[in-house]
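For reference, the structure discussed in these notes is given below.
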Amino acid sequence: MRGQGHPNPAAEKAIAELNLLASLLDSRWRIPGTSVRYGLDALVGLVPVLGDVATGLVSAYIVLRARNCGAENGLVARMLGNVLLDTAVGSVPILGSIFDVYFKANNRNIRLLRRYLQR
């Protein structure tokens, strides 16, 4: 998929689906009167431990699908690092949800995947 010079329809469809999932987790809604966006990750993260574990598993699923789209080991490791950081810091009550609003690990990972596959 990488470096082929033409788009792979299956990979493009998968990335579009992953982008929707990442947007739902990280940037689905906007705080009124601001440009700050948040998603289910910040909301579900308010539930101690369980919320962060649940969103961490969904984030790991995004990384697994990215691997299936052609992401190499180095990129997968970086994406998993983003997920682990998001899950670890996100587990801190209240402050973790604020971190989730600004870090947006899933959106970040989709951008990394797109950039990688376009090279």
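- V89 forms part of a hydrophobic cluster together with L85, F99, F103, judged by ILVMFWY side-chain heavy-atom separations under 4.5 Å.
- Residue pairs meeting the ring pair (Phe, Tyr, Trp, His ring centres under 6.0 Å) criterion with at least one member in residues 39-79: none, sequence neighbours excluded.
- Around CZ of R108, the count of heavy atoms belonging to other residues, nucleotides or ligands within 6.0 Å exceeds 12.
- Side chains of N73 and R67 form a contact here, defined as non-hydrogen atoms less than 4.5 Å apart.
- R65 meets the salt bridge (Lys or Arg N to Asp or Glu O under 4.0 Å) test with E17; sequence neighbours excluded.
- Between atom CG of residue L21 and atom CZ of residue R28 there is a gap of 13.0 Å, rounded to the nearest 0.5 Å.
- By the 4.5 Å heavy-atom criterion applied to side chains, E72 and V76 are not counted as neighbours.
- Hydrophobic clustering (side-chain heavy atoms under 4.5 Å, transitive across Ile, Leu, Val, Met, Phe, Trp, Tyr) groups V44 together with V92.
- For the salt bridge (Lys or Arg N to Asp or Glu O under 4.0 Å) condition, no pair includes a residue of residues 82-94, sequence neighbours left out.
- Evaluation of the side chain to side chain donor-acceptor pair (under 3.5 Å) test over residues 98-107, restricted to residues two or more places apart or in two chains, returns D26-N106, S27-N107, S59-N106.
- With sequence neighbours left out, the side chain to side chain contact (heavy atoms under 4.5 Å, CB included) criterion links R114 to I15, N19, I110.
- Residues I31 and I98 share a single hydrophobic cluster, defined by chaining ILVMFWY side chains whose heavy atoms lie under 4.5 Å apart.
- In this structure a side-chain-to-backbone donor-acceptor pair under 3.5 Å is present from S91 to A88.
- Residues satisfying the side chain to side chain contact (heavy atoms under 4.5 Å, CB included) criterion with S35, sequence neighbours excluded, are absent altogether.
- Within the model, atoms CG of D52 and CG of D41 stand 7.0 Å from one another, a figure rounded to the nearest 0.5 Å.
- When all heavy atoms are compared, the tightest approach of G56 to T87 is CA-OG1, 3.6 Å.
- Connection of L43 to L20 is not established within any shared hydrophobic cluster, with ILVMFWY side chains joined at heavy-atom distances below 4.5 Å, either directly or through further cluster members.
- Under a 4.5 Å side-chain heavy-atom criterion applied to ILVMFWY residues, the cluster that includes L57 comprises V49, V53 as well.
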Working for side chain to side chain contact (heavy atoms under 4.5 Å, CB included), residues L40 and T55: CA-CA 8 Å; L40 286 176; T55 57; 5.5 Å; no
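- Counting all heavy atoms, side chain and backbone alike, A11 lies closest to C69 at O-SG, 4.2 Å.
- Pairs passing the side chain to side chain donor-acceptor pair (under 3.5 Å) check and including a residue from residues 74-84, sequence neighbours excluded, read N82-N109.
- Summarising the local packing, CD1 of I94 is surrounded by 12 or fewer heavy atoms from other residues, nucleotides or ligands at distances under 6.0 Å.
- Pairs engaging residues 33-56 under the ring pair (Phe, Tyr, Trp, His ring centres under 6.0 Å) rule: W29-Y38 [sequence neighbours left out].
- Sorted by first and then second residue, the ring pair (Phe, Tyr, Trp, His ring centres under 6.0 Å) pairs involving residues 68-93 (not counting sequence neighbours) form an empty list.
- Taking Ile, Leu, Val, Met, Phe, Trp and Tyr as members and joining any whose side-chain heavy atoms lie under 4.5 Å apart, directly or through other members, L64 forms no hydrophobic cluster with any other residue.
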